[in-house]
Amino acid sequence: MTALRLTDVGLVRGETVILDAVNWAVHEGERWIVLGSNGSGKTSLIRIASLYLHPSSGDVEVLGERLGHVDVRRHRRRIGVVSASFADLLRPGLSATEIVMTAKFAALEPWWHEYSDADRARAVELLDRFGCADLASHPFATLSSGERQRVQLARTLMTEPGLLLLDEPTAGLDLGGREDLVRRLSALAADPETPATILVTHHVDEIPPGYDHVLLLRDGHVTAAGPIDEVLTSEALSDCFGIEVSLERRGNRWSAFSVE
């Protein structure tokens, strides 16, 4: 099954072209990295894929349903999203358990729907999976950046989604927090029960082991896309970022630096 298909997708705001003729398909079980510099259109791409933004042109199909022909409020329940912009929507006083549990109805507040003891137990179980069980009753505002990201990851799995969208989940973390999250993301990628996953970043050293495809984005254009072992090269990365880059791989991790 195709988890996501974008066909000639464009996004224009005023006279600014944010995305231009993007064609991309993500299939069941694939783990994709989206790489690009700031302003390349990565976040807009994720907002379209999560059905929170309509493109100016082209077709968007998510989990077999076409945008414009589906109730997005219900369909969003099948999509797990981690992003800084989404975290900003969460009320700081909500507990970690409530943050995770409300994903059952794609809601931001627990009072809009009824939840069972089983729902609460599942939320705590998911928190435990990401090392946050001891934070279950803690207000979201009291959590560290790394803890908030792990709570958001737990939330994405509450509804057993068909697609995961992770928009720069390691942004703002220190080295220890980043490496802890990369390790957890790698374990998530290795789980055959994990659905098709898209992770956005602009640092190759944040690519978790287990991700098998990459899409390179520059100024709203896809410069390359395909299996990561074939597509992610020094030349392709240089073209994507507009500078000469040397790419190295050590074991199952990547690193890159500019060539003077």
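Note that this is a predicted model, so its numbers are computed, not measured. Hydrogens, waters and symmetry mates are skipped; everything else that's a heavy atom, side chains included, is used.
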Original post:
Going by heavy atoms in the side chains, are Trp24 and Ile198 under 4.5 Å from each other?
Top reply: yes
**OP:** Check whether any side-chain heavy atom of Val151 sits under 4.5 Å from a side-chain heavy atom of Val100, and report yes or no.
**Re:** yes
**OP:** Report the residues that fulfil salt bridge (charged side-chain N to carboxylate O under 4.0 Å, His left out) with Arg13, sequence neighbours left out, ordered by chain and then residue number.
**Re:** none
Original post:
Is a side-chain N or O of Arg129 found less than 3.5 angstrom from the main chain of Ala154, in a donor-acceptor match?
Top reply: no
Subject >> ILVMFWY network linking Met101 to Val124, side-chain heavy atoms under 4.5 angstrom >> reply: no
**OP:** Kindly work out whether a path of hydrophobic side-chain contacts (I/L/V/M/F/W/Y, heavy atoms less than 4.5 Å apart) joins Val60 to Val12.
**Re:** no
Original post:
Sub-3.5 Å donor-acceptor pair from the side chain of Arg249 to the main-chain atoms of Gly251, do we have one?
Top reply: yes
Subject >> Heavy-atom closest contact (Ala133 atom, Asp128 atom, distance) >> reply: CB-OD1, 3.5 Å
**OP:** Report yes if the side chains of Leu67 and Pro55 come closer than 4.5 Å at any heavy-atom pair, otherwise no.
**Re:** yes
Original post:
Yes or no on side-chain contact (heavy atoms from CB on, under 4.5 Å) for Leu19 and Ile48, after CA distance, side-chain angles and deciding distance?
Top reply: CA-CA 11 Å; Leu19 295 172; Ile48 289 172; 3.7 Å; yes
Original post:
So, for Ile46 and Leu165, which heavy atoms are closest and what is the spacing to 0.1 Å?
Top reply: O-CD1, 3.9 Å
Original post:
Is there a chain of hydrophobic side chains (I, L, V, M, F, W, Y, each step under 4.5 Å between heavy atoms) that links Leu63 to Leu51?
Top reply: yes
Original post:
Considering only heavy atoms from C-beta outward, does the side chain of Arg178 approach that of Asp205 to under 4.5 Å?
Top reply: yes
Original post:
Taking Pro169 as the fixed residue, which of Val182, Leu181, Thr201, Val200 is the one that meets the side-chain contact (heavy atoms from CB on, under 4.5 Å) rule?
Top reply: Leu181
**OP:** Please say whether more than 12 non-hydrogen atoms of neighbouring residues, nucleotides or ligands are located less than 6.0 Å from CD in Glu160.
**Re:** no
Original post:
If you round to the nearest 0.5 Å, how far is CH2 of Trp254 from CD1 of Ile228?
Top reply: 5.5 Å
Original post:
So do Leu232 and Leu35 actually touch side chain to side chain, heavy atoms under 4.5 Å?
Top reply: yes
**OP:** Under the side-chain contact (heavy atoms from CB on, under 4.5 Å) rule, what do Leu45 and Val9 come out as? Steps first, then yes or no, please.
**Re:** CA-CA 9 Å; Leu45 195 67; Val9 165; 5.6 Å; no
**OP:** Please round to the nearest 0.5 Å and tell me the distance separating atom CZ of Phe257 and atom CD of Glu244.
**Re:** 10.5 Å
Compile the donor-acceptor pairs under 3.5 Å between side chains in residues 207-225 and protein atoms, sequence neighbours left out, one pair per line.
residue	atom	partner	partner atom	Å
Asp212	OD1	Arg31	N	3.0
Arg218	NH1	Asp239	O	2.8
Thr223	OG1	Leu216	O	3.3

Original post:
What's the spacing between His75 NE2 and Leu163 CG if we round to 0.5 Å?
Top reply: 9.0 Å
Subject >> Heavy-atom donor-acceptor pair, His203 side chain to Thr170 backbone, under 3.5 Å >> reply: no
Original post:
Quick one: are Thr194 and Leu164 in side-chain contact, heavy atoms under 4.5 Å?
Top reply: yes
Original post:
Does a side-chain heavy-atom distance below 4.5 Å link Trp112 with Thr102?
Top reply: no
**OP:** Any chance you could measure Arg150, atom CZ, to Leu126, atom CG, to the nearest 0.5 Å?
**Re:** 14.0 Å
Original post:
Should the pair Asp117-Arg120 be classified as a salt bridge under the 4.0 Å nitrogen-to-oxygen rule?
Top reply: no
**OP:** Return yes if some donor-acceptor pair links the side-chain N/O of Thr97 with the main-chain N/O of Ala136 below 3.5 Å, else return no.
**Re:** yes
**OP:** Grab the two heavy atoms, one from Gly177 and one from Leu173, that are nearest each other, plus how far apart they are.
**Re:** O-CD1, 3.7 Å
Original post:
Is Leu143 reachable from Leu166 through a run of hydrophobic residues whose side-chain heavy atoms are each under 4.5 Å from the next?
Top reply: yes
**OP:** Would you please name every residue forming a side-chain contact (heavy atoms from CB on, under 4.5 Å) with Thr16, sequence neighbours left out?
**Re:** Ile18
Original post:
About how many Å separate CD of Glu235 and SG of Cys240, when rounded to the nearest 0.5 Å?
Top reply: 13.5 Å
**OP:** Would you name the heavy atoms of Arg5 and His27 that are closest together and state the gap between them?
**Re:** NH2-CE1, 4.1 Å
Original post:
Could you give the distance from CG (Asp20) to CG (Asp8), rounded to the nearest 0.5 Å?
Top reply: 9.5 Å
**OP:** Can you sort out the partners of Arg74 under salt bridge (charged side-chain N to carboxylate O under 4.0 Å, His left out), two or more places apart, ordered by chain and number?
**Re:** none
Subject >> Val245 and Ser234: CA distance, side-chain angles, deciding distance, side-chain contact (heavy atoms from CB on, under 4.5 Å) verdict >> reply: CA-CA 6 Å; Val245 171; Ser234 296; 5.7 Å; no
**OP:** Give every residue pair that meets the side-chain hydrogen bond (donor to acceptor under 3.5 Å, both in side chains) criterion with at least one member in residues 42-58, sequence neighbours excluded.
**Re:** Thr43-Asp167
Exercise answer: donor-acceptor pairs, residues 104-111 side-chain atoms, under 3.5 Å, sequence neighbours excluded:
residue	atom	partner	partner atom	Å
Lys104	NZ	Asp119	OD1	3.1
Lys104	NZ	Asp119	OD2	3.0
Glu109	OE1	Arg91	NE	3.2
Glu109	OE1	Arg91	NH2	2.9
Glu109	OE2	Arg91	NE	2.7

Subject >> Shortest non-hydrogen contact between Ala236 and Val231, atoms and distance >> reply: CB-O, 3.3 Å
Subject >> Stepwise side-chain contact (heavy atoms from CB on, under 4.5 Å) test for Val22 and Leu11 >> reply: CA-CA 10 Å; Val22 173; Leu11 181 65; over 6 Å; no
Original post:
What are the two closest non-hydrogen atoms of His69 and Glu65, and how far apart are they?
Top reply: O-OE1, 4.5 Å
Original post:
Is there a donor-acceptor contact under 3.5 Å from the side chain of Thr159 to the main chain of Arg77?
Top reply: yes
**OP:** Using the rule that two of Ile, Leu, Val, Met, Phe, Trp, Tyr join whenever any of their side-chain heavy atoms come within less than 4.5 Å, decide whether Leu185 and Met158 are in one cluster.
**Re:** yes
Subject >> Note, Arg148 side chain near Leu90 side chain (heavy atom, < 4.5 Å) >> reply: no
